[in-house]
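Letters go in sequence order (proteins before strands), and every chain restarts at 1.
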Amino acid sequence: MSILLDDSTWVLVQGITGNIGKTQTRWMLDYGTKIVGGITPGKGGTTVEGVPVFDSVGEAVRNTGATASVFFVPAPFVLDAFYETVDAGIKFIVIVPEHVPVHDVMRMRAYIKDKDVFTLGPTTPGILVPGKGKMGIMPASLFIPGRVGIISRSGTLSYEFAGILSEKNIGQSTVVGMGADPVVLTNLEDILKKFQDDDETDGVIVVGEVGGEQEEKAAVFIKNNMTKPVAAYIAGRFSPKGKRMGHAGAIVRGSAGTYQGKCKAFEEAGVYVLNSPIDVLDWAAKHRLN
Amino acid sequence: MRLHEYEAAKVFEAAGIKVPKHRVVQTPQEALDAAEEIGYPVMLKAQVLVGGRGLAGGIKIASNASELKELAGKMTGSEIKGVSVDKIMISEKANISNELYVAVTVDGYSGKPVVIASTEGGVNIEETARKTPEKIVSVHVDPQFGFYPFQARRLLRRLGLSNRLLLSCADVLVRLYKVFAQLEGIIVEINPLAVLENGELCAVDAVLEVDNSALKRIAQPLPNFLERIANSLERQGRRIGVTYVDLDGDIGIISSGAGLGMASMDIIGQKLRPANFLETGGGITEELLYKCMELIMMKEGIRGIFINVYGGINPIHEGAKGVVRYIKEHHLTIPIVAKALGNHQEETWETLQSGGVHVVTNVATEKAVERLVELVGVN
């Protein structure tokens, strides 16, 4: 099995009547994704690419039996759409839009705290299971089926790593964008756990970047819980340091956030740290992942 | 967006937090007039948005008019950590008996606001956090529930506060949280929160950064974000809707994502010197990439351009037209290497090649950078 998305995932597209929603719906359908409905309040009763459009998520769920949803909703409306989607019983939500206010993301996380809902984003390219389906915007041509899992904070770098592997015929089991915002709905370690438990994944690539403490926390999880080989790349080695104001960030995060600190945490957890993206091929060869 | 101290102080004051008497001035004469009104001694505080301002000479004390005239003369127009001083805050020097630290920020990992307090306020707060973490207390807040006085009191009792100080400090914390929530703060901080000789609390410094993604809906008047960006190229980037960071090299970079842009910089930086970081996000159009080319070429001495884009959400075939239009209109002859993959890649390559762009079809950015190095040479 892949993680999070498989043949039994019936997908809704929220914001399906917008330009991006329409185009991406076409591409998701072309890739074999089971898109069963779309939602745009006020546009119920129409169709997009042959997909029925509903006014509300509840109506869409009742009529289609959908289990998952992908958002192409404008950032200011994401919070409202998210509450509605969780209330309608959807269990897997992918939030593609960028620039969702961070206070909204915090409210969204608080809202699903004790609910059995899995979420990716905001600012995620979504998820792609090669040859089976995709929710989001990943360009299909870069992926081939196989046994390497990829989790990336950056959308574009998830394509880059999958593409580098695919060029050498090393396929992927599932490719996941966790979202590039300072606060995301699901932390890195929770996605790593899915890959550790997935019997179709033999190794995992983590694509991180400087800032925050996702990688440092994930390193602890990897050390204690993961038996599969993990490789990691951290983007931003030569990024200029931001002009930091105030001390609160440093008090909360301690020394976390730097390129060196993240590499060190991963190395101590037995992770293969990649100096440059293309080095991922050495790691894949070492573990015979093709 | 970061607010200047005087702007943040205004917000704090409106929220019911006491701040020192102060005026914002731009000339030594205005400084003298302000001090006349406030009364000596006064603090001079450069209004520059840099960290570690005090240690870099941005905070001074003047005990009389001649000292003030000299210090204000030196400070106006000077540079603090590369940022020129345009405004100075002249403020009353409070009679401080003790310095506290209070802040609210976003904890990215837990996804919650976190309220922080310490009895060891002042410039060494980060050192305190490392060496004696027990002197700093914090609590995560459920953003749906908010932050109430009982939570503030419970937090502050852990620092040993009691009686009047406990109540007045709890009051400041609750007001500070309100500022954080209403202005969609990334960080709000008072360091030091001074305990005055008369027992009152006073915010002697004020830090406030608000979420850029929320600027349009914050119900209070905010300064113009564009005017806030000191670097003219970075300001132009924001104006056209991209993230541009000015660097000191001579290789222009355009990327369609932050991660890819950082990786491009990291790989290019091993042999060449990036002139900028530029990330378009998901908004590529023909017009946007034309403007990106224009922005990159505003910098003197660009020797080559590296374009690294993916067609996921972005119509890169449209963007390519903008790149080529710029090249043709400006008779650009410097080497341009592009890696453009994903939806509509063949069409994109064809367009770029018609403008003389060197298209690399490998996936790995390293290969494309090798091509760039061949073309521009290492200097």
What part of [X] is in contact with chain B, defined as an atom under 4.5 angstrom from a non-hydrogen atom: side chain, backbone, both or neither?
X: A/Glu98; answer: side chain
X: A/Val102; answer: both
X: A/Ile20; answer: side chain
X: A/Leu142; answer: side chain
X: A/Val207; answer: neither

Interface moiety of [X] toward chain A, non-hydrogen atoms closer than 4.5 Å:
X: B/Leu247; value: side chain
X: B/Lys216; value: neither
X: B/Tyr109; value: both
X: B/Pro113; value: both

Other residues, nucleotides and ligands only: do more than 12 of their heavy atoms fall within 6.0 Å of NE2 on B/His344?
yes
Looking at [X] and [Y], does any basic side-chain N land under 4.0 Å from a carboxylate oxygen?
X: B/Asp205; Y: B/Arg53; value: yes
X: A/Arg109; Y: B/Asp142; value: no
X: A/Lys262; Y: A/Glu213; value: no

Close side-chain approach of B/Asn343 and A/Trp27, heavy atoms under 4.5 Å:
yes
Where at least one partner belongs to residues 14-24 of chain A, residue pairs that pass side-chain hydrogen bond (donor to acceptor under 3.5 Å, both in side chains), sequence neighbours excluded:
A/Gln14-A/Ser69, A/Gln14-A/Thr85, A/Thr17-A/Thr40
Could you tell me which of A/Val105, A/Val280, A/Val183 has the largest number of non-hydrogen atom pairs under 4.5 Å with chain B?
A/Val183
If the plane angle is over 60° it's perpendicular, under 30° parallel, otherwise tilted; pick one for A/His103 and B/Phe180.
tilted
Considering only distance and modelled atom types, tabulate donor-acceptor pairs under 3.5 Å from the side chains of residues 120-128 of chain A, sequence neighbours left out.
| from | atom 1 | to | atom 2 | distance (Å) |
| --- | --- | --- | --- | --- |
| A/Thr123 | OG1 | A/Asp181 | OD1 | 2.6 |
| A/Thr123 | OG1 | A/Asp181 | OD2 | 3.3 |
| A/Thr124 | OG1 | A/Gly126 | N | 2.9 |
| A/Thr124 | OG1 | A/Gly177 | O | 2.6 |

With sequence neighbours left out, what residues match B/Thr280 under side-chain hydrogen bond (donor to acceptor under 3.5 Å, both in side chains)?
none
Of the listed B/Ile313, B/Thr105, B/Asp211, B/Asn191, the one with the largest count of heavy-atom pairs under 4.5 Å with chain A is B/Ile313
What are the residues of residues 128-137 of chain B, in order of number, with any heavy atom under 4.5 angstrom from a heavy atom of chain A?
B/Ala129, B/Ile136
